[in-house]
Amino acid sequence: MHKYLIVIVGPTGIGKTKTSIEIARHYNTEIISADSRQIFKELKIGTATPTEEELSAAKHHNIASQSIHDYYSAWEFEQEALKLTQQLFKKHNQLVLTGGSMMYIDAICKGIDELPTVDQELRDKLKRQYDTEGIESLKRILKQLDPDYYDQVDLKNSKRVIHAVEICLMTGKSYSSLRTNTIKKRPFNIIKVGLELEREEIYNRINLRVDNMIEMGLINEARQFYHNKELNSLNTVGYKELFAHFDGEYDQEKAIELIKRNTRRYAKKQLTWFKKDVDTKWFNPSEIENIISHIDSLMVNCNS
RNA sequence: GGUACCAUAGCUCAGUAGGUAGAGCAAUGGACUGAAAAUCCAUGUGUCCCUGGUUCGAUCCCAGGUGGUACCA
């Protein structure tokens, strides 16, 4: 019997939650979330986590399963989500994977290379070096440890440079030698569905959703985690702008405007990423019947 | 109705002593292998309100419209 992972992608605010629930209910199955922020149980309003009602309409996994204090990354996600598919495919022939976190989606569909998790101590040390000596000193180290990657990497992007150095130092090997550039085989078929609307429509929805979050108490939610603002989990649209407001950098109105703008930019970035995948078939989120018949037709093809 | 001022990018506005224009914000395109809602790179998108006039040439000067704002009736 064939197994199918139905992957639903699209920009933030387009209605992935609603559509994935409808699809999960149609196939009487469950949903794995690929959302790098809804996975934190403390963050509810600002991440547009599905409501209690939505969560009970279909079984969801990987929502509110981590704490903002936990270390979590695409690698952990790949491991966990794959294990989940293994379990759930025993009961179901279809599963729904949905979320806007581009790299998490790829981690499941294509896989990422096996690398060691970087020691916090080393990470802190390199961060200090970056803060005091700047990117140049790290570029020099990278050039020595991994000249191939040095030639490929965006040298202005400090996170990439630092991470490559971290991996070289952790493993004693060059980072580029650990990059296999292969797509991992999965024991299931993947069907990709994209949700899209006119850009203006997407932006209108985002602006309204942010106003709605403010009404629901986003400012209080952010204030609760103000003392944790240095955590990576809180380097998140909707929170970081309010933290800067609490710091006195600008007024509340400006913070709300920036949340809207940064959410719009995020949506645009998601579209750039997801559009590159030619296997994704795009739909208006209201065309639920068309989406289902598209999925059905692909499943028939795979079986024949 | 009268007088004054204004009309330039999506918005707020600058500018051109007459040679078709530029800032901020917004926006657009892209990169992406363990922080990815992160991080990084690139890009000015325009009937200069309309119609005439003067001029080799008008977004700019002149006249008349139209629209807006303020004040006076």
Side-chain angles (χ1 to χ4, degrees), chain A residues 10-13 16 33-40 43 45-49 66 68-81 99-120 122-124 126-127 130 135 149 152-167 170-171 175-184 199-200 202-203 206-207 209-210 213 218 222 230-243 250 254 257-277:
Chain A
T12 188
K16 292 189 292 297
S33 165
D35 190 301
S36 70
R37 303 294 136 143
Q38 289 178 3
I39 203 163
F40 297 117
L43 311 181
I45 300 171
T47 58
T49 292
Q66 300 290 322
I68 53 171
H69 301 282
D70 296 336
Y71 176 79
Y72 203 76
S73 74
W75 173 253
E76 278 72 27
F77 181 75
E78 181 181 346
Q79 304 310 304
E80 275 185 16
S101 297
M102 303 157 275
M103 202 157 85
Y104 284 25
I105 296 282
D106 275 5
I108 300 306
C109 296
K110 300 177 180 169
I112 51 182
D113 290 323
E114 187 155 357
L115 298 172
T117 295
V118 177
D119 290 340
Q120 194 57 45
L122 175 62
R123 174 154 288 182
D124 292 344
L126 292 175
K127 175 77 167 62
Y130 173 66
I135 190 70
Y149 192 66
Q152 294 167 35
V153 71
D154 175 359
L155 291 167
K156 289 182 178 160
N157 193 328
S158 58
K159 288 202 177 185
R160 302 256 164 79
V161 173
I162 291 171
H163 186 241
V165 172
E166 286 171 346
I167 296 302
M170 283 296 294
T171 60
Y175 179 46
S176 49
S177 70
L178 298 166
R179 282 156 57 92
T180 60
N181 223 340
T182 51
I183 294 177
K184 291 181 190 166
R199 189 69 63 91
E200 196 184 338
I202 296 173
Y203 287 1
I206 286 172
N207 294 341
R209 190 172 77 167
V210 172
M213 286 174 176
L218 177 60
E230 301 305 329
L231 293 174
N232 174 61
S233 50
L234 285 161
N235 187 186
T236 296
V237 175
Y239 299 90
K240 59 183 177 183
E241 297 84 357
L242 287 169
F243 295 153
Y250 37 70
K254 173 83 174 167
E257 210 31 67
L258 287 174
I259 292 172
K260 290 177 180 173
R261 184 197 67 183
N262 291 340
T263 307
R264 276 181 247 133
R265 289 181 176 173
Y266 175 48
K268 194 166 81 67
K269 208 168 66 171
Q270 288 172 305
L271 283 168
T272 299
W273 179 294
F274 291 135
K275 285 280 177 176
K276 264 199 312 188
D277 191 332

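Note: hydrogens, waters and symmetry copies are ignored here, and every other heavy atom, side chains too, is used. Residue numbers start from 1 in every chain, and the chains themselves are labelled A, B, ... in the order their sequence lines are given, proteins ahead of strands.
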The residue, A:K260 or A:Y266, whose nearest nucleotide of RNA chain B is more 5′ is A:K260
To the nearest angstrom, how far is A:Y250 atom OH from B:C25 atom P? 14 Å
Please give the distance between the P atoms of B:A14 and B:G24 as a whole number of Å. 16 Å
Interatomic distance at P, B:U45 relative to B:U51, whole Å: 23 Å
Using the side-chain hydrogen bond (donor to acceptor under 3.5 Å, both in side chains) rule, take A:T12 and A:R209 through it: C-alpha gap first, then chi angles, then the decisive distance, then the call. CA-CA 10 Å; A:T12 188; A:R209 190 172 77 167; 2.8 Å; yes
If you measure from the C1' atom in B:C41 to the same atom in B:U8, how many Å do you get, rounded? 31 Å
Same-atom distance (C1') from B:C13 to B:C50, integer angstrom: 23 Å
Taking every non-hydrogen atom, the tightest pair across A:A222 and A:L242: CB-CD1, 3.7 Å
Anti or syn, where syn is a glycosidic angle within 90° of 0; which label fits B:G34? syn
Report yes or no: is the cationic atom of A:K269 (NZ for Lys, CZ for Arg) under 6.0 Å from the centre of the six-membered ring of A:W273, at an angle within 45° of the ring normal? no
I'd like to know if the side chain of A:Y130 and the backbone of A:K159 have a donor-acceptor N/O pair within less than 3.5 Å. no
Check for a donor-acceptor pair, side chain of A:Q79 on one end and backbone N or O of A:E76 on the other, with a separation under 3.5 Å. no
Interatomic distance where CG belongs to A:L231 and P belongs to B:A38 [whole Å]: 16 Å
Measure from NZ on A:K110 to C1' on B:A36 and round the result to the nearest Å. 14 Å
What's the gap between B:G64 and B:G2 when it is taken at their P atoms, as a whole Å value? 12 Å
Roughly how many Å is it from CD1 in A:I202 to C1' in B:A27, rounded to a whole number? 14 Å
Starting at CG of A:N232 and ending at C1' of B:A36, how long is that distance when rounded to a whole Å? 9 Å
Output one letter per nucleotide in nucleotides 28-34 of chain B: B when a protein non-hydrogen atom lies under 4.0 Å from the base, S when only the sugar-phosphate is that close, - when neither is. BBSBBBB
B:C40 P sits how many Å from A:R265 CZ, rounded? 12 Å
When the distance from CG of A:N262 to C1' of B:C40 is rounded to whole Å, what number comes out? 15 Å
Suppose you measure atom P in B:U12 against the same atom in B:G30; what distance do you get, rounded to whole Å? 29 Å
Please tabulate, for the side chains in residues 103-115 of chain A, all donor-acceptor contacts under 3.5 angstrom to protein atoms that are two or more places apart in sequence or on a different chain.
unit_1 : atom_1 : unit_2 : atom_2 : d
A:D113 : OD1    : A:T180 : OG1    : 2.4
A:D113 : OD2    : A:T180 : N      : 2.9

For A:H69 and A:L231 the tightest heavy-atom approach is ND1-CD1, 3.7 Å
Cut-off 3.5 Å, side chains only: do A:E257 and A:Y250 have a donor facing an acceptor? no
A:K184 atom NZ, neighbour heavy-atom count above 12 within 6.0 Å: yes
What's A:T47 touching, base or sugar-phosphate or nothing? Going by heavy atoms closer than 4.0 Å. base
Which is true for A:D35 with a 4.0 Å heavy-atom rule: it touches a base, it touches only sugar-phosphate, or it touches nothing? base
Spacing between A:I206 atom CD1 and B:A26 atom C1', to the nearest angstrom: 14 Å
Shortest non-hydrogen contact from A:I167 to A:P116? CD1-O, 3.9 Å
Contact class for A:Y104 vs. all strands (heavy atom < 4.0 Å): base, sugar-phosphate, or nothing? sugar-phosphate
Residues A:S33 and A:Q38: closest non-hydrogen pair is OG-OE1, 4.2 Å
Measuring only the C1' atom in each nucleotide, how far is B:C32 from B:A36? A whole number of Å is fine. 9 Å
Bracket string, RNA chain B, 5' to 3' - pairs by Watson-Crick or G-U geometry under 3.5 Å, | interstrand: (((((((..((((.....[..)))).(((((.......))))).....(((((..]....)))))))))))).
Please work out if A:S101 contacts a base, only the sugar-phosphate, or nothing of the nucleic acid, heavy-atom cut-off 4.0 Å. sugar-phosphate
Between B:A63 and B:A4, how far apart are the P atoms? Round to whole Å, please. 11 Å
